[in-house]
Structures are given as structure tokens and as C-alpha cells.
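Numbering of residues begins at 1 and proceeds along the displayed sequence. Quantities reported herein were computed from a predicted structural model and do not represent experimental measurements.
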Amino acid sequence: MKHAKKTFIINALYIAVAVALIFVAWWAASVAADSEFVVPTIDATFSAFKKVFENPEFWHGLLGTLLRSVIGFAVSVALFFVTFFFATAYDGFKRVAEPIIGAMRSLPAVAVTLILMLVVGGNVTPVVLGVLVIYPITYSTAISRTATLPKELKEICVINGGGRLTMFKSVYLPCLAGGLPESLATTFSYNIKAVIGAEILAQTINSLGMLMKLSQVYLQPAMLVAYVIIAVVISVVLETVIRVTLKLALSKYCD
């Protein structure tokens, strides 16, 4: 218990130092720029937070962005588990999937967003882009982690009469579970960034992305920075919640 408390305090100090350095760099940049339209001051930005939280459109936008992020994440995770099972069960499927996943990782996000706007519209585009961004990352990470599985484990499973589903549940999933909390938590943060970026380009109604775009159009840099800070805080908090929750749920499998 004492060791855990000491580790927590040390980590908190490192975070505090990092935050302090960010504020120092922010202050220095605002002084050097000497213009609210280039780099807003810290005071102006924190004053903008009050306006943000009092604006009903912010809460609608926040809810819309979170909903799109959760939907895209859920679809990505479901798609990942299905395709990962088939990749472990059938070598032919894995060989076909590899170049497709590689192509998905290489897709230019901005160009894809513009195409999706024409195909599915501004409201659905952020969800689809989020899936296209994080699904390949999750799949590739899982394949890499399980690539070093000892052949003996697979052979034992086969000798004991285990089929493809049993192999997946008894061999692959336990191996994958140790890195799953970190992998899914990180990809959720990527998902939020991808969703907000697509919302800005697609001008999605009821979204943080659209609010950021309007702040830029109406020359409100302090409001824009406030929205960015809110997005970062939300990403960090949700990433931490997902990581801790999955570690507790998969504690018996974690390395």
C-alpha cells in the first residue's frame, strides 16, 4: 500500500511539472506574439470558459461528439473482435485482410472525410472516419501481440480436442488481454481526435468540431483554445476510465 501511494504521488508530481511547463510555454508564446488573435492569453482563455459552459449549444455539441465517438468506438471494437477471430482461425482470411488493413492505415484522413461527406453526409462522416482510423490500429496491435504465441500452446489445445472457437477463447484472448486495456484506451483517444477533426471539415451540427470552426470563423481564438482544452481533458479522462476499468475486469489475464 505504501509503495502504491508513493508511486501515485510521484506520478502526480510529474504531471504537475508537465502542466506547469505547458503554462509557461503558453505564457511565453502569448507575450512573444503580443496579439490575442495569434495566441490568446491564459486569462482571456479561462474567461472564455465561463461563456462556453453557459452556452447551451456547447452541451449539445459535447453530447453529439461523445455519442459519435462512442458509436464509432463500439463498431470498431466489434469489427475488430470478429475479424481477429477469423484471422486466427483461418490463415487465408488473415492473408487477405493484411493488405486491406495496411491500406486503411494509409488512408489520408482529410481526403477520406471529403469523400465521406458526399457519400454519407456530415452527421455520419465523423463516425465512419473514426472507425477507419482506430480499427486498423486495434487489429494490427492484436496481431503483433499474438504473433509470438508458442506453437506448443496451440498444439496442446488441438490435442485436447479444441476447435477454432476454443483456440480463440483459451489461447488468443488470454494472450491479448494483457495489452487490451492500454490498446483500447489509447485508440479511444485517437477516435475522439478523428471524430472532432471530421466534424470540423464536415461542419457537423451539434458537435465540438463545429463550435471550434465557428470560433475560428468569428475570430474568437480564446474560445477556440477553450474548446481544444476541453476536448483534451475529456479524452484524457475517458482514456483513464477505460484503462482502469479494463485492467480491473481483465486483472487475472494482465501481464
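Between the side chain of Trp59 and the backbone N or O of Phe53, at least one donor-acceptor pair lies under 3.5 Å. Between the side chain of Trp26 and the backbone N or O of Val39 there is no donor-acceptor pair closer than 3.5 Å. Between the side chain of Arg164 and the backbone N or O of Ala89, at least one donor-acceptor pair lies under 3.5 Å. Proximity of a side-chain donor or acceptor of Ser30 to a complementary backbone N or O of Trp27 within less than 3.5 Å is detected. When atom types are taken as modelled, the side chain of Thr65 and the backbone of Leu208 share a donor-acceptor pair closer than 3.5 angstrom. Distance alone, capped at 3.5 Å, is enough to place a donor-acceptor pair between the Arg145 side chain and the Cys175 backbone. Between the Thr125 side chain and the Ala202 main chain, no donor and acceptor come within less than 3.5 Å of each other. No side-chain donor-acceptor contact under 3.5 Å links Gln220 to the backbone of Ser215. Checking side-chain atoms of Ser183 against main-chain N and O of Gly179 turns up no donor-acceptor pair under 3.5 Å.
Pairing each heavy atom of Pro126 with each of Thr204, the nearest pair is CG-OG1, 3.6 Å. Smallest separation of non-hydrogen atoms from Ser76 and Ile134: OG-CG1, 3.3 Å. Annotation for Ala231 and Met212: closest pair CB-CE, 4.0 Å, computed over non-hydrogen atoms. The minimum heavy-atom distance between Ala44 and Ala222, with the atom names listed, is O-CB, 3.7 Å. For Asn191 against Gly130, the heavy-atom pair with the smallest separation is OD1-CA, 3.4 Å.
Ile22 and Val228 fall into different hydrophobic clusters, where Ile, Leu, Val, Met, Phe, Trp and Tyr are joined by side-chain heavy atoms under 4.5 Å apart, directly or via other members. Cluster annotation: Val82 is connected to Leu180 through the hydrophobic network of ILVMFWY side chains, with a link wherever side-chain heavy atoms come within less than 4.5 Å. Using a 4.5 Å cut-off between side-chain heavy atoms of Ile, Leu, Val, Met, Phe, Trp and Tyr, with links allowed through other members, Leu214 and Met117 fall into different hydrophobic clusters. Tyr227 and Met210 fall into different hydrophobic clusters, defined by Ile, Leu, Val, Met, Phe, Trp and Tyr side-chain heavy atoms under 4.5 Å apart, directly or through other members. Note: the hydrophobic cluster containing Val133 also contains Leu79 (ILVMFWY, side chain heavy atoms under 4.5 Å, direct or indirect links).
To the nearest 0.5 Å, the span separating CD1 on Ile100 from CE on Met104 amounts to 9.0 Å. Going from atom CE of Met167 over to atom CG of Leu173 covers 12.5 Å, rounded to the nearest 0.5 Å. The structure places CG of Leu224 at 11.0 Å from CG of Leu219, a figure rounded to the nearest 0.5 Å. Atoms CD1 and OG, on Ile230 and Ser235 in that order, are 11.5 Å from each other to the nearest 0.5 Å. Atom CD of Glu182 is separated from atom CD1 of Ile242 by 11.5 Å, given to the nearest 0.5 angstrom. Rounded to the nearest 0.5 Å, atoms CD1 (Ile196) and CG (Leu129) are 12.0 Å apart.
Between Phe168 and Phe85, the distance separating the two ring centers is shorter than 6.0 angstrom. Checked against the 6.0 Å centroid threshold, Phe84 and Phe81 do not count as a close aromatic pair.
Between Phe188 and Glu239, every side-chain heavy-atom pair lies at or beyond the 4.5 Å cut-off. Taking 4.5 Å as the limit, some side-chain heavy atom of Ile205 sits within range of a side-chain heavy atom of Asn123. Val110 has its side chain within reach of Leu201: a pair of non-hydrogen atoms, C-beta onward, lies under 4.5 Å apart. Between Leu184 and Thr138, some side-chain heavy-atom pair lies under the 4.5 Å cut-off. Leu238 places a side-chain heavy atom less than 4.5 Å from the side chain of Ile192. Put simply, the side chain of Phe73 reaches to within 4.5 Å of the side chain of Thr187, judged on heavy atoms. For the pair Glu57/Asn206, no side-chain contact is recorded, criterion being any heavy-atom separation below 4.5 Å from C-beta on. Considering only heavy atoms from C-beta on, Leu62 stays 4.5 Å or farther from Leu211 through its side chain.
The aromatic rings of Phe46 and Phe49 sit tilted relative to each other, their planes meeting at an angle between 30° and 60°.
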Given side-chain contact (heavy atoms from CB on, under 4.5 Å), test Ile200 with Gln216 step by step and report yes or no. CA-CA 10 Å; Ile200 293 173; Gln216 185 259 336; over 6 Å; no
Could you walk me through whether Val195 and Glu199 pass the side-chain contact (heavy atoms from CB on, under 4.5 Å) check? CA-CA 6 Å; Val195 166; Glu199 288 173 347; 3.5 Å; yes
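Judged by distance alone, the side chains of Tyr135 and Thr83 do bring a donor and an acceptor atom under 3.5 Å apart. Judged by distance alone, the side chains of Arg68 and Ser207 never bring a donor and an acceptor atom under 3.5 Å apart.
Under a cut-off of 6.0 angstrom, the local environment of CZ in Phe86 is sparse, with at most 12 non-hydrogen atoms contributed by other residues, nucleotides or ligands.
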